[in-house]
Amino acid sequence: MYIVTAKEMYDIDHFAMHTIGLDGKLLMENAGRAVAEKVTRKISKEDKICVLVGAGNNGGDGFVIARTLLDDAYDVNVLQIVPDEKITGDAHYHKQVYENCGGTLLRFAKEDVRAIKEANVLIDAMIGIGVDGGLREPFASLVPFINKQKQKLIISVDIPSGLPANEGVEAYTAIKADHTVIIGAPKLSVFLNDTFSYYGSWEVVSIGLPTLAFRQHTTKSVWNLKDVKRSLPKREPNDHKGKHGKGIIIGGCIGMPGALSMSIRAALKAGAGLITGATSEKVIQAIAANCVEATYTVLSEKNGFLDNQANLILAGYHAVAIGMGIGRETWTGELVQNVIDNANCPVIIDADGLYHLSQALSKLKERDQPTVITPHPGEMAVLLGVSIQELLQKPFRYASEFAKEYRTYVVLKGQYTIISSPDGKQAVNQTGNPGLSKGGSGDVLTGIILAMIMQKQNLFQALCNACFIHGLSANLLVIQQHSEHDLLASDVINGISAAYRMISDEV
């Protein structure tokens, strides 16, 4: 499933109509009928429905929705918010068809909102994806009025009216929908911290736009179960441990041994062939009994934190992860820089490793092998030198620009995790739940990522699959035996088995 900006959606529509040859009236008919079918699952014949239509394609979709509901014997009318001269093109055509079918058409007057008050279902087809600033009248007054109708079901068409489709817009007034039926592809604002709640629950309907149009105009997508099944490597009867990667995880300090332990266990559970934990002797003594399948190498330490004095040998490993529970001492930062400089394989940098990376970003450009960073918004904001709020307003842009500039893969963690590659591809992972908002969840994800990038799949797919499996494990655990309150990071490790079984069962 693709993700689009407003411009990309316009370009896709234009390509479909003018290059492929699809008629705009047909696409509008398809859109309205697809939305109406979803609407009927949430309403009954006893409901009184008011379809609020504006100008442009969104309003045209509203006329088709109203006609489709009318033909199916629903109690529906249309409240046209804009003057007649604003309804043009394909929208005007479908307005005429609606009226020719006997549909009731009311004109909006600011002092008369009886149609809205009398309805118990409002279908918002007023404003589409073209909004990039404040609303003009009558919408500036009408939208807040609609939001006060607490006892009514509000369903938005494609996007809640007034809500920006793109990231980076700070000031807006928008419909707060209970449900949104998105047409063609979700827009960026579905996945933004400040705007996702306006959509309510949401789903996407296809209207016949060709895949070729999406491929030519966007590089962003939602990574879903179908993508996992397509890309996740299968185990062969003659496989052995050497075929599934030899990785090393560097981390832990005397005060945080558990972070390293969870990354090691997650990597092994996710399918890594061989894992070595590299840490101090005291940390090894603390965690070895819980990670009996791993091997260990002893690193030197100073005041309980790893330093750069030991002869760390990285040759022979297929991937390295560093940073979990490692601490923020100056001498520990020297160890992180040593790994960045000398690892001749992919390196994953997480947690305190990202703190040290902020002092050595230029080194990323010099690496011949891939680098993966896994920041949460606070860590990413530090790397970028911006506030967390600035980052959350434009996470797609910031993550993509960082990935391109530093030739780095970015896994920006959050409610919707955004995976970005240096070549511009971006994917969103939707699996997971608030139960992952616990210490150690990121350490588990890093271990899964380490295992995934050592399997036979390209690195971008590996990162997407790792995030999906991590979140799926949490989801299944909450459904089957845990709650979002009691779920622990160690539970998520144990849940990886169920996640793999579900993926296998779906094949």
Side-chain angles (χ1 to χ4, degrees), residues 241-242 245-268 272-364 366-374 379 440 442-444 446-447 449-451 453-454:
K241 60 188 178 184
K246 180 181 180 183
I248 182 169
I249 304 178
I250 306 166
C253 66
I254 196 61
M256 293 183 286
L260 177 63
S261 173
M262 286 185 285
S263 291
I264 292 172
R265 290 182 56 226
L268 289 166
L274 295 162
I275 292 293
T276 296
T279 187
S280 68
E281 186 172 358
K282 291 180 181 178
V283 171
I284 293 173
Q285 292 172 353
I287 70 172
N290 291 324
C291 307
V292 294
E293 294 88 355
T295 59
Y296 296 92
T297 185
V298 178
L299 300 181
S300 58
E301 53 93 4
K302 178 181 177 182
N303 298 335
F305 297 93
L306 298 180
D307 59 30
N308 195 34
Q309 300 305 308
N311 183 24
L312 177 61
I313 300 173
L314 298 175
Y317 291 106
H318 300 119
V320 179
I322 187 169
M324 296 66 65
I326 207 169
R328 298 187 174 187
E329 305 303 318
T330 302
W331 51 88
T332 305
E334 295 170 359
L335 174 61
V336 174
Q337 293 191 33
N338 178 17
V339 171
I340 294 172
D341 289 338
N342 295 301
N344 191 29
C345 61
V347 172
I348 307 162
I349 306 173
D350 185 29
D352 288 334
L354 296 170
Y355 171 82
H356 296 298
L357 177 63
S358 63
Q359 312 300 319
L361 284 176
S362 61
K363 290 182 177 290
L364 297 180
E366 301 169 7
R367 281 182 46 77
D368 294 328
Q369 294 290 326
T371 306
V372 179
I373 64 170
T374 59
E379 292 164 334
D443 305 317
V444 173
T446 297
I449 288 174
L450 181 71
I453 68 175
M454 295 192 297

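Computed over heavy atoms, backbone and side chain alike; hydrogens, waters and symmetry mates excluded. Note that the numbering runs from 1 along the sequence shown for the chain.
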Notebook entry, point to check: Can you list the steps and then say if Val336 with Leu357 is a side chain to side chain contact (heavy atoms under 4.5 Å, CB included)?
Noted result: CA-CA 8 Å; Val336 174; Leu357 177 63; 5.5 Å; no

Next item on the list: Start with the C-alpha distance between Val347 and Arg367, add both sets of side-chain angles, then the distance that settles side chain to side chain contact (heavy atoms under 4.5 Å, CB included), and finish with yes or no.
Entry: CA-CA 10 Å; Val347 172; Arg367 281 182 46 77; 3.6 Å; yes

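Smallest separation of non-hydrogen atoms from Phe305 and Trp331: O-NE1, 3.5 Å. Ala343 and Val320 get closest at one heavy-atom pair: CB-CG2, 4.4 Å. Of all non-hydrogen atoms in Leu268 and Ala294, the two that sit nearest each other are CD1-N, 4.0 Å. For the residue pair Ala272 and Ala451, the shortest heavy atom distance occurs at N-CB, 3.8 Å.
Rounded to the nearest 0.5 angstrom, Leu274 CG and Met454 CE are separated by 8.5 Å. One distance of note links CD of Glu379 with OG1 of Thr374; it measures 7.0 Å at 0.5 Å rounding. Between the OG1 atom in Thr279 and the CD atom in Glu301 there is a gap of 9.0 Å [rounded to 0.5 Å]. Expressed to the nearest 0.5 Å, how far CD of Glu281 lies from OG1 of Thr297 amounts to 11.5 Å. To the nearest 0.5 angstrom, Ile284 atom CD1 is 11.0 Å from Cys291 atom SG.
Residues passing the side chain to side chain donor-acceptor pair (under 3.5 Å) test with Thr330: none are found, sequence neighbours excluded. Qualifying side chain to side chain contact (heavy atoms under 4.5 Å, CB included) partners for Ala266, counting only residues two or more places apart in sequence or in other chains: Val444, Ile448, Ile493. Lys302 pairs by the salt bridge (charged side-chain N to carboxylate O under 4.0 Å, His left out) definition with nothing, not counting sequence neighbours. Residues satisfying the side chain to side chain donor-acceptor pair (under 3.5 Å) criterion with Thr295, sequence neighbours excluded, are Thr276.
Taking the side chain as every heavy atom from C-beta outward, Asn303 and Glu329 never approach each other to under 4.5 Å. Looking at Ile275 and Leu450, their side chains come closer than 4.5 Å, going by heavy atoms from C-beta outward. With a 4.5 Å cut-off on side-chain heavy atoms, Ile349 and Thr371 count as touching.
For residues 304-316, the set of pairs meeting the side chain to side chain donor-acceptor pair (under 3.5 Å) definition, not counting sequence neighbours, comprises Ser300-Asp307, Asn308-Asn338.
Without hydrogens or angle criteria, Arg328 side chain to Gly333 main chain gives no donor-acceptor distance under 3.5 Å. A side-chain donor-acceptor contact under 3.5 Å links His318 to the backbone of Lys246. Checking side-chain atoms of His356 against main-chain N and O of Gly327 turns up a donor-acceptor pair under 3.5 Å.
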Side chains of residues 248-265: which donor-acceptor pairs under 3.5 Å do they make with residues two or more places apart or in other chains?
from	atom 1	to	atom 2	distance (Å)
Ser263	OG	Ala259	O	3.4
Ser263	OG	Asp443	O	2.8
Arg265	NH2	Asn494	OD1	3.3

